[in-house]
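Working notes, structure below.
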Amino acid sequence: MLKTQSFLLILWLIGTVLSTAHAQSNIIPMPISIATEDELVDLSKGIVIDTSQLTDEQLQQIQTFSTAHNIPVHTQKKTGAVRLLFKTRLTMQVEPWQEEEAYELKVRKRVIIISANHQKGFHNAFQTLRQLDVTDRHLQKMTINDVPAFPFRGFLIDVGRNFLPLELIKEQIDFMALYKLNVLHFHFTEDIAWRLFSGKYPGLTAADNMLRNKGDLYTAKQFQEIIDYCKKNNILLLPEIDMPGHSDAFTRFFGVDMQSKKGMIHIKELLKEFKENFPELEFLHIGGDEVEIKNKNFMPEITRYVESLGFNKTMGWDPGSNLEPQTIRQLWMGGPERVVESESMFIDSKHLYINHMDPLETVTTLFYRKIGEVGKHHSSLLGATLCVWPDRLIEKPLDMYLQSAVFPGMLSFSERVWRGGGLSGWVANIPTKRYQELDFIEFEARILNHKNIWFQGKPFPYQKQSHQIWDLIGPYANGGDVFKSFGLEEDPTNQDVYVSQKAIGGTVVLRHWWDPLVASAIEKPQENTTWYARRFIWSDEEVQKKFWIGFNDLSRSYASDSPKLNTWDDKGSKVWVNGSEVMPPVWTHAGEKGDMERAYVDEGYSYREPTLITLKKGWNVVLLKVPVASFQGKDWQNPTKWMFTFVEVEN
């Protein structure tokens, strides 16, 4: 055992050293090209700027950078200070669609030069400058050339189902800007509530017309604040008025179906009022998903009307209603071949719904995700949108960030949608191919640094997991009896058992409920089998440590049942450390049937207190029993996602 563990430890150390050497910086998303030199530039005397060159936003960005690192800013020549210059012409070659956002950043001994063709490029350069490692007011000499792989890099928040205060929306916009996301998809109309006040129909947003967060809405002034705040941060606000589906709030108030003649009159009145109140908006998402189309003329007529109001572009969900050819499709299902074979334009959101993902899985999946299965801008693929759908009631807004890995997901998505590339298919587990694993190790180091630097005191449900190597032992036929025991439980350190394969990570998905679309950790998962996952942990002393443990991170979009008392899940999963069983939490809603209006409290590891485990001095053996019977869940609200999570909580 010790030889095996020593070998694995050496592999991990090699990976850590290689990732450190490879990283060069802690920027997210990593620039396309970055070349550093060993020499440091001294900024202690400050930077010199020419205010006549600069916009208000650039001045604010400079002030933010200087304040963060205690670097003086001078408007006249200062001995020993470094000049900050701006050039409005790029020297590198870029595609025409990249010209607005491309930038060059050069750090030299006496000058920092930022070059861009457009204000958006300068904005992106400043986000990179903010993230550079300025240690003791010294900055490494470097040259950065950077362009995005996609022009459309979106982030969706659903405030229709669960209201978010204005300050939290602005905070998300701040982080979107830092990580170079440029479209805020704002979903504010839903079955549950219509969240934007209408002067023409104030009863539409009355508390008695809402099913959740009653009375919580955005005034026209607040909505304008969101538009202005996005614009200030070089982000396009893409509002969505979902039509004709997800419109029960509309139906409750008007008493008619949106697709009826009267319904179409009312929705046109609301659209007209919306455009009059916010004339600068050029894009409108018109929805179209998850609805039976009873009036085939509805969407074509609404599309023409929206365009007649002055909206330059419409977007809609695909699959969905009968969208017009000029409407940009936002994919949430369907095969990748549609992207390259269609004359329509697409935005990819397939398997980009983090409400369905385990928090640790979120980072893995998004890091490896190949956008549109193309991996870069295509004539019919503009980019992608990461979606946060808290369908189920949340008790307080911050719970959304803990139950779904919003910030870790945002960082991982920004890396992929800016840089392009990725792996074909949907990857839920860290690959065991060494070069692919090293890529993840390097990125994980950056995301954990950002957690410590930028997200102090904020909900950031992610822990280091790339060093965890598991023996997967099985399969053992259990005949459908998930409680059936096998010999390894009596002797967990047994080295004579056959290790079928290895797995890496804090979360390992043995079989996703969307198998085979999402690849499994085991090659051919079978029903009515039991697997064991084993790893050894070294401790220099006897110590008590915190761990996240889980076996079924419940989707925030299903009315899933809570686990029964004295069980981890409904599949018979168990945990032992050094032969002693680790008992599950005492669930608040133990065994209760799922209810979309009952918030999760402790069902997921990322939003309950970690489990305390005593580790002895020396090697400790962790054994997880992960059985399964049928892959068919008891109903659609309770699908079988066969998985486990076990990882140390470091902070």
Side-chain donor or acceptor of [X] paired with backbone N/O of [Y] under 3.5 Å:
X: R195; Y: T189; answer: no
X: Q127; Y: H123; answer: yes
X: K275; Y: P279; answer: yes
X: R446; Y: I27; answer: yes
X: N233; Y: Y229; answer: yes
X: R556; Y: M357; answer: yes
X: E442; Y: L438; answer: no
X: H450; Y: L448; answer: no
X: H187; Y: I241; answer: no

Relative to the ring of [Y], is the ring of [X] parallel (under 30°), tilted (30 to 60°) or perpendicular (over 60°)?
X: H285; Y: H185; result: tilted
X: Y179; Y: F455; result: parallel
X: F460; Y: F407; result: parallel
X: F86; Y: F126; result: tilted
X: W97; Y: H377; result: tilted
X: W317; Y: W389; result: tilted

The salt bridge (charged side-chain N to carboxylate O under 4.0 Å, His left out) partner of E37 among K141, K106, K109 is K141
Candidate pair E361 and Q465, rule side chain to side chain donor-acceptor pair (under 3.5 Å), full reasoning
CA-CA 10 Å; E361 174 200 352; Q465 60 168 329; over 6 Å; no
Taking every non-hydrogen atom, the tightest pair across A81 and V48:
CB-CG2, 3.5 Å
Regarding [X] and [Y], do their side chains bring together a donor and an acceptor under 3.5 Å, going by distance alone?
X: Q224; Y: E280; answer: yes
X: T314; Y: T327; answer: yes
X: Y103; Y: T128; answer: yes
X: D56; Y: Q60; answer: no
X: N182; Y: K120; answer: no
X: R108; Y: T143; answer: yes
X: Q63; Y: T67; answer: yes
X: S404; Y: N355; answer: no
X: T303; Y: E324; answer: no
X: Q140; Y: E39; answer: no

I'd like to know whether the aromatic ring centres of F223 and Y218 sit less than 6.0 Å apart in this structure.
no
To the nearest 0.5 Å, tell me how far [X] [atom1] sits from [Y] [atom2].
X: L398; Y: L164; atom1: CG; atom2: CG; result: 9.5 Å
X: D289; Y: L323; atom1: CG; atom2: CG; result: 10.0 Å
X: I49; Y: I112; atom1: CD1; atom2: CD1; result: 12.0 Å
X: E225; Y: I169; atom1: CD; atom2: CD1; result: 10.0 Å
X: I453; Y: D133; atom1: CD1; atom2: CG; result: 7.5 Å

Apply side chain to side chain contact (heavy atoms under 4.5 Å, CB included) to residues M142 and L132 and explain how you reach the verdict.
CA-CA 10 Å; M142 67 183 69; L132 292 181; 3.7 Å; yes
Hits for salt bridge (Lys or Arg N to Asp or Glu O under 4.0 Å) against R153, two or more places apart or cross-chain, chain-then-number order -> E101
Start with the C-alpha gap between N234 and K180, add the side-chain angles, then the distance that decides, and say whether side chain to side chain donor-acceptor pair (under 3.5 Å) holds.
CA-CA 9 Å; N234 281 279; K180 302 183 178 73; over 6 Å; no
Test log, rule side chain to side chain donor-acceptor pair (under 3.5 Å), inputs Q403 and S606:
CA-CA 6 Å; Q403 294 175 7; S606 65; over 6 Å; no
Report yes or no: is the cationic atom of R416 (NZ for Lys, CZ for Arg) under 6.0 Å from the centre of the six-membered ring of F367, at an angle within 45° of the ring normal?
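Yes.
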Could you walk me through whether W418 and D146 pass the side chain to side chain donor-acceptor pair (under 3.5 Å) test, one step at a time?
CA-CA 10 Å; W418 180 271; D146 205 10; 3.0 Å; yes
Result for side chain to side chain contact (heavy atoms under 4.5 Å, CB included) between L423 and one of K433, R369, Q436 points to Q436
Side chain to side chain contact (heavy atoms under 4.5 Å, CB included) between K458 and E171, worked out:
CA-CA 11 Å; K458 300 187 185 302; E171 180 182 64; 2.6 Å; yes
After noting the C-alpha distance and the side-chain angles of V159 and F186, does the key distance pass the side chain to side chain contact (heavy atoms under 4.5 Å, CB included) rule?
CA-CA 8 Å; V159 298; F186 198 65; 3.7 Å; yes
